[in-house]
Amino acid sequence: MATLEIRDLHVTVDTGSQGEGPKEILKGVDLTIDGGQTHAIMGPNGSGKSTLAYSIAGHPKYTVTRGSVTLDGADVLAMKVDERARAGLFLAMQYPVEVPGVSVSNFLRTAKTAIDGDAPKLRTWVKDVGSAMERMKMDPAFAQRSVNEGFSGGEKKRHEILQLELLDPKVAVLDETDSGLDIDALKIVSEGVNRFREKGDRGVLLITHYTRILRYITPDFVHVFVDGRIAEEGGPELAERLEAEGYDRFLRANA
Amino acid sequence: MTVTDGPAVARALETSDKVASHLHPEGSFDVDAHPVPTGREEIWRFTPLKRLHGLHTDDATAPLGTGTTEVDVRVAPGVRVETVSADDPVRGSSGYVPTDRVSARAWAAVDKATVVTLPGDRVVDEATVLTLRGTSMDSASAGHVVVVAEPHSKGTVVLRFEGSAVLADHVEAVVGAGAQLTLVSVQDWADDAVHHTTQHAQVGRDASLRHVAVSFGGDVVRMSTSVAYDGPGGQVEMMGLYFADAGQHLEHRLFVDHNEPRTRSHVDYKGALQGQGAHAVWIGDVLIRKVAEGIETYESNRNLVLTDGCQADSVPNLEIETGEIEGAGHASTTGRFDDEQLFYLQSRGIHEDEARRLVVHGFFADIIRRIGVPVIEEHLLETLETELEKNV
């Protein structure tokens, strides 16, 4: 069974040109995601939700100062970015990056080859990509476009979930995949995530600001993130309470 | 990363046809009219003169025209390739007059010229390829090629430069009315070669020229490419692709002279640099003369710096003497590898070196695709692979 285990995670961000030195964003996060479980992380802006996502993926801007992240016992923090992906982690980004001149089809094939260790069989691969794109309601012409270049917000997110389906990781981290989506796109994206969950033994860490996406993807656990820590945990009913009350209760307690 | 972008402000100036500007010096066939450069001159300030093997000095210290090179010609059906003596009037028929000392010396030093003629009113699909292979660095060679695209012809001529040589040469292109010429110059030299090449085209009424410069090899390559028009309606597309490695100096100097109305030019050069002392220079001069109303021009140079220790100089210049233009603009960017692009690709399991390769391929992809000469495209992709393996 796939297990992503996060223990006492402390992370600083390099503020770079602002000259304030490293700033602590995560202040001791504990979280265990077992295969077959979907965890939603909710919280106000600036609470560190995205930092958690990028730290798990290994973005160079973030420095882990304390704690551990393991995937099935293997030390994730000791791995390079690409090694983490090959170990079975996937991050659907809030702002996917444009890569001019690299076609979606070339990108997908290169990624699949890297993850699997050898090139996918051409015939089945072309079919797999074609049907996955159809399920995401993406025009086949997308395959020839440059990665994320000129994509609308919704197209970028569908492209992220397309990769989730094709690369089939053990644990997927979805960073505000719902933001900026209209209701149709939100449904398509949610259905993609649900297909991934139905494969069984897959972990999902769903980071979101709004409860909207949780109507389509029912989480097993909801964690409320405030000021770099998990402030409250519960089941799906916690999301409903947040929907009604908002984050004020937590922000006041914090202030 | 520095970016300058946007249309230049057009100003209507009352001037004569004669343009007084350091960007556009008066030419002369007289070698002595071009003093031996010191390196402080505007047109020489980026060039490492010490590495030119005396091409810029005088004949006593560095005789020109004594070197040997081998030329292999693959002629497409219907195209004529012949050798003529240096005094044949076809030489200079593009209207070119030397504007620097090396060019004037090379002009004087050759005893013959190669003339490639694309027959009028005919489309030739296959490319005519002239391959020049240098065999020695001991003495310097001069060369001269004239490409004549007769009116309403269509075809492709490829010049390939290989091996080791000290070469100063000219390539003239005379594009007749309504003709469509693709001229490709590939500097694929060995590591030690020194190449000073001057390429000038005259583009006829409603004619179009695609000029492609590809520079990978050589110790020093200094390429001056200029274009002028011989009637309204001419179109020019100039594309360039270069890859400067450690210690390499690759210099591309472009000059588009909009001397006729309703002419167009589009310049797009892209280069990658890697390794200590890799130096790329791009100068893009565009002159829009008073008479040249209704023209459109855009020039762009983009550099991708892959490692520390590289230098990319990029200088676009627009000189506008009429306010009646459709559009004029330029862009110049020099950027490092985008870490966010690398992170995105790596987060999908792609190894770092493979991710770098994808980004560089992507950077060049649009230019390579637009070249439109399949044999060159394949070769370019292979060469790009080889260059990338040196570093990543």
Side-chain angles (χ1 to χ4, degrees), chain A residues 14 16 53-62 79-104 106-117 144-149 156 159-160 162-164 166-170 172-173 175, chain B residues 1-3 5 239-243 268-272 300-306 331 333-371 377-378 380-381 384-385 387-388 392:
Chain A
D14 181 10
Y54 279 91
S55 303
I56 295 169
H59 193 285
K61 202 168 97 183
Y62 302 98
M79 300 178 197
K80 290 196 252 173
V81 177
D82 48 309
E83 289 169 342
R84 296 178 193 204
R86 293 198 296 277
L89 286 172
F90 178 86
L91 169 63
M93 296 187 199
Q94 186 180 3
Y95 303 109
V97 183
E98 296 184 2
V99 191
V102 177
S103 70
V104 166
N106 185 14
F107 164 65
L108 293 175
R109 198 177 53 244
T110 307
K112 185 66 177 171
T113 304
I115 298 272
D116 288 3
Q144 298 316 315
R145 288 172 65 182
S146 291
V147 172
N148 293 323
E149 198 179 39
K156 283 182 181 170
H159 180 227
E160 294 292 283
L162 175 75
Q163 295 168 53
L164 172 70
L166 290 168
L167 301 180
D168 193 19
K170 292 178 182 167
V173 181
D175 185 17
Chain B
M1 183 144 160
T2 56
V3 181
D5 210 330
M239 290 177 275
L241 192 160
Y242 49 88
F243 205 124
D268 191 2
Y269 271 59
K270 281 189 171 182
S300 158
N301 174 227
R302 302 194 189 277
N303 289 295
L304 183 61
V305 177
L306 305 182
T333 63
T334 297
R336 294 193 63 91
F337 245 134
D338 185 338
D339 290 339
E340 294 300 326
Q341 287 180 356
L342 286 184
F343 173 73
Y344 187 73
L345 296 171
Q346 283 180 264
S347 77
R348 298 322 186 220
I350 300 169
H351 293 82
E352 186 179 354
D353 54 356
E354 179 75 11
R356 283 177 179 275
R357 206 171 285 143
L358 275 176
V359 171
V360 175
H361 269 293
F363 175 72
F364 284 123
D366 61 330
I367 291 227
I368 292 180
R369 260 199 306 269
R370 267 168 35 218
I371 289 174
E377 287 173 28
E378 281 162 35
L380 277 180
L381 289 170
L384 208 52
E385 240 3 88
E387 292 286 337
L388 283 166
V392 295

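Throughout, protein chains are lettered first and strands after them, A, B, ... in sequence-line order, and every chain is numbered starting at 1. The figures that follow rest on heavy atoms only: side chains count, while hydrogens, waters and symmetry mates do not.
Glu352(B) touches chain A through its backbone: at least one of N, CA, C or O sits under 4.5 Å from a heavy atom, while the side chain does not. Contacts of Phe363(B) with chain A are made by backbone atoms alone, with heavy-atom separations under 4.5 Å and no side-chain atom involved. There is no contact between Pro169(A) and chain B, counting heavy-atom distances below 4.5 Å. Only the backbone of Glu98(A) comes within contact range of chain B, with at least one heavy atom under 4.5 Å from a heavy atom of that chain.
Annotation: maximal heavy-atom pairing with chain B below 4.5 Å, among Leu108(A), Leu89(A), Asn148(A), occurs at Asn148(A). The residue among Ala57(A), Ser103(A), Pro100(A), Pro60(A) with the most heavy atom pairs within less than 4.5 Å of chain B is Pro100(A).
The nearest pair of heavy atoms linking Met93(A) to Ser347(B) is CE-OG, 3.4 Å. Considering all non-hydrogen atoms of both residues, Gln341(B) and Val99(A) come closest at NE2-CA, 4.2 Å. Considering all non-hydrogen atoms of both residues, Gly58(A) and Phe343(B) come closest at C-CE1, 3.8 Å. Ala114(A) and Gly349(B) get closest at one heavy-atom pair: CB-O, 3.1 Å.
Although no hydrogens or angles enter the test, the distance criterion places no donor-acceptor pair under 3.5 Å between the side chain of Arg348(B) and the main chain of Phe90(A).
The side-chain hydrogen bond (donor to acceptor under 3.5 Å, both in side chains) test applied to Lys270(B) returns Asp366(B), not counting sequence neighbours.
With rounding to the nearest 0.5 angstrom, the NZ atom of Lys61(A) is 7.0 Å from the CD atom of Glu340(B). In this structure, CD1 on Ile350(B) lies 13.0 Å from NZ on Lys112(A), to the nearest 0.5 angstrom.
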inquiry  = Could you walk me through whether Leu345(B) and Thr110(A) satisfy the side-chain contact (heavy atoms from CB on, under 4.5 Å) test, starting with their C-alpha distance in whole Å, then the side-chain angles of each, then the deciding distance to 0.1 Å, before giving a yes or no?
reply    = CA-CA 9 Å; Leu345(B) 296 171; Thr110(A) 307; over 6 Å; no
